[in-house]
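Input: one structure, supplied below.
Basis for what follows: all heavy atoms, side chains included, without hydrogens, waters or symmetry-related copies.
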Amino acid sequence: MQKTIAIVGAGLGGLTLARVLQAHGVAATIYEGETSATTRTQGGLLDLHEETGQVALRAAGLHDEFLTLVRPGEDAKRVVDRHGTILFDMPADPGSARPEVDRGELRRLLIDSLAPGTIRWGHKLASIRRCVEGGLDLTFADGSATRADIVIGADGAWSKVRPLLTPAKPLYSGTCFIEIALASGGQDCRASVAAIGSGTLMAVAPGKGIIAHRYADGCVLGYAALNKPEGWVRSIDFGDPSAGLRQVADEFDGWSPLLTAFVTQSDAEPWLRPIYALPVGLKWDRVPGVTLVGDAGHLMSPFAGEGANLAMYDGADLASKLVEQPDIEVALTSYEERLFLRSNDAAGRSAKNLENFFGREAPQSVVTLFDHS
C-alpha cells in the first residue's frame with residue numbers, strides 16, 4: 001500500500017491497528033498528544049475476551065507475550081449489599097477465557113512491538129481538514145502539520161476526528177466515578193481489604209456503589225460510583241482531597257464502615273470521572289479516507305467490559321481490511337459495516353448493565369446479572 005496512514009491516538013485501539021499493519025509491511029504513523037508513554041497512569045485491570053481482545057492480539061502476533069502478563073486468581077468477583085453481607089461469591093477461574101491483565105502493561109507491550117519512530121509523542125491534534133486536491137491536513141498544537149491519505153481517529157471520547165463523520169457527541173450517563181485506592185501494607189484497613197476476597201468487590205445499592213479490586217501485591221484500586229446530575233459532579237472540590245472524599249463518603253451514610261473505609265481512607269488522588277457514552281446504534285455515512293476505532297466511534301460505559309476489547313478488535317479488523325483490499329473505500333466500507341453491528345450490540349448491553357448496577361433493583365439485579373453470565 002502506497003497511501004500514507006495517520007492514526008490519531010496511542011490508546012490500545014490505535015496501537016493494535018499500527019502493529020497489525022506493520023506486521024503486514026504497511027507503514028503507519030501514530031500522533032499522540034501525551035508527551036511520552038509514562039505521562040499518566042493507564043487505569044487498572046482489563047479482562048481480555050477470547051472472542052475480541054485476544055483475537056486482536058493473535059492478529060498482532062503478541063498473544064504469547066500477552067499470556068506472560070496475565071494475573072491469575074484476580075478474576076474472582078464478590079457482590080455485597082451496603083451492610084457488607086455477601087450475596088454472590090465467585091472464586092477465581094484458573095482456566096478463564098477472559099483473564100485479567102494490567103492495562104498499562106498491555107499498552108507497553110503494544111508500544112514496544114512497534115518500529116522505532118512510529119509514535120510521534122507530543123502531537124496533540126488541533127485541527128483537521130480535507131484538501132481540495134485529496135488527502136487530509138492535520139495541524140497540531142505545537143504548530144507542526146502533516147498530510148495523510150487515510151486518517152483513523154483513535155483519539156477517544158472527545159475525538160477531534162469524529163466531527164468529520166458525525167455531529168454526535170458523548171452524553172453524560174448520569175453516573176460518575178471517583179477514584180479510590182489503598183496502598184499495600186496499610187494496617188488500618190486490613191479488615192476492609194480482606195472483605196474484598198481475592199479479586200473484585202462490588203458493593204452496590206440504588207444510585208451508588210463502591211467497587212474495589214485487590215491486587216496480588218496487596219494494594220487496592222477502585223472507585224466510588226454515584227448517580228448524580230452533572231451540576232453536582234462539577235460542584236465537588238478536590239482542592240482539599242480529604243474534604244472532597246468526606247463529601248463523597250457522606251453519600252454512603254449508613255453503610256458498613258468496612259466499605260466506607262475505602263473512601264475515607266483512600267490515599268489516591270481522587271479524580272472525578274463522569275461516565276459518558278455515545279448514542280447506542282450510532283452510524284455515519286461513508287466519508288472518503290476517514291474512519292474511527294475504539295471510543296472515538298462507540299464510547300460506552302465500562303459495564304459490559306467491552307471498551308478496550310472492542311478498541312483492539314477494531315484496530316485489528318481495520319488493519320486486515322486495509323491489507324486485504326486494494327480499494328481503500330471498499331475496505332473502509334466493509335470495516336464500518338462490521339463495526340456498527342458489533343458496537344451496537346455491546347453499547348446496548350453496556351447501557352443495560354449500568355442500569356442493573358445502580359438502578360432500583362440493586363444489588364439483586366447485579367447478582368442476577370452474574371448468575372446468568
Side-chain angles (χ1 to χ4, degrees), residues 7-23 28 30 32-34 36-76 92-116 118-119 121 152 154-157 179 181 199-200 213-217 219 221-223 273 293-300 302-320 342 346 350:
I7 301 168
V8 182
L12 296 177
L15 293 167
T16 303
L17 170 60
R19 165 65 184 181
V20 177
L21 286 172
Q22 288 186 1
I30 298 175
E32 169 55 50
E34 294 179 356
S36 75
T38 58
T39 298
R40 64 181 177 89
T41 57
Q42 295 298 311
L45 295 187
L46 300 171
D47 56 325
L48 263 288
H49 300 181
E50 191 173 40
E51 62 276 16
T52 47
Q54 292 186 57
V55 168
L57 286 170
R58 287 191 172 90
L62 298 173
H63 193 262
D64 288 345
E65 290 88 340
F66 153 72
L67 292 177
T68 68
L69 303 179
V70 166
R71 293 173 175 258
E74 293 190 32
D75 61 331
D93 177 5
S96 174
R98 297 185 171 190
E100 302 279 348
V101 63
D102 182 271
R103 179 188 286 267
E105 293 178 357
L106 180 62
R107 186 178 187 234
R108 171 54 65 185
L109 171 65
L110 287 162
I111 290 171
D112 290 347
S113 75
L114 297 174
T118 297
I119 306 175
W121 299 102
I152 296 104
D155 48 342
E179 292 189 5
T200 299
H213 183 86
R214 181 181 187 177
Y215 286 74
D217 65 0
C219 75
L221 295 178
Y223 50 84
R273 298 196 182 278
V293 300
D295 285 352
H298 47 65
L299 178 69
M300 62 190 74
F303 285 93
E306 294 286 5
N309 282 280
L310 285 184
M312 296 171 66
Y313 191 89
D314 290 349
D317 191 37
L318 175 56
S320 70
R342 62 177 172 261
S350 176

Within the structure provided, determine whether N309 and R98 are in side-chain contact (heavy-atom separation under 4.5 Å). no

Could you check L221 against L45 for side-chain contact (heavy atoms from CB on, under 4.5 Å), going step by step and ending with a plain yes or no? CA-CA 9 Å; L221 295 178; L45 295 187; over 6 Å; no

With a 4.5 Å heavy-atom cut-off, do P99 and Q54 have their side chains touching? yes

Can L48 and L106 be said to form a side-chain contact (heavy atoms from CB on, under 4.5 Å), step by step? CA-CA 10 Å; L48 263 288; L106 180 62; 4.0 Å; yes

Worked verdict on L46 versus E105 for side-chain contact (heavy atoms from CB on, under 4.5 Å): CA-CA 10 Å; L46 300 171; E105 293 178 357; over 6 Å; no

Considering non-hydrogen atoms only, spot the tightest contact between T16 and A56 and give its length. CG2-CB, 4.1 Å

Minimal non-hydrogen separation, A10 against I119, with atom names: CB-CG2, 4.4 Å

Taking the side chain as C-beta and beyond, is there a heavy-atom pair between R19 and T118 under 4.5 Å? no

For E65 and L109, indicate whether the former's side chain and the latter's backbone hold a donor-acceptor pair under 3.5 Å. no

Would you say I152 and V293 make side-chain contact, with heavy atoms under 4.5 Å? yes

Quick one, H49 and Y313 - any side-chain contact, counting heavy atoms below 4.5 Å? no

Note, E306 side chain near T52 side chain (heavy atom, < 4.5 Å): yes

Ring-plane angle category for H213 and Y215, please: parallel below 30°, perpendicular beyond 60°, tilted otherwise. perpendicular

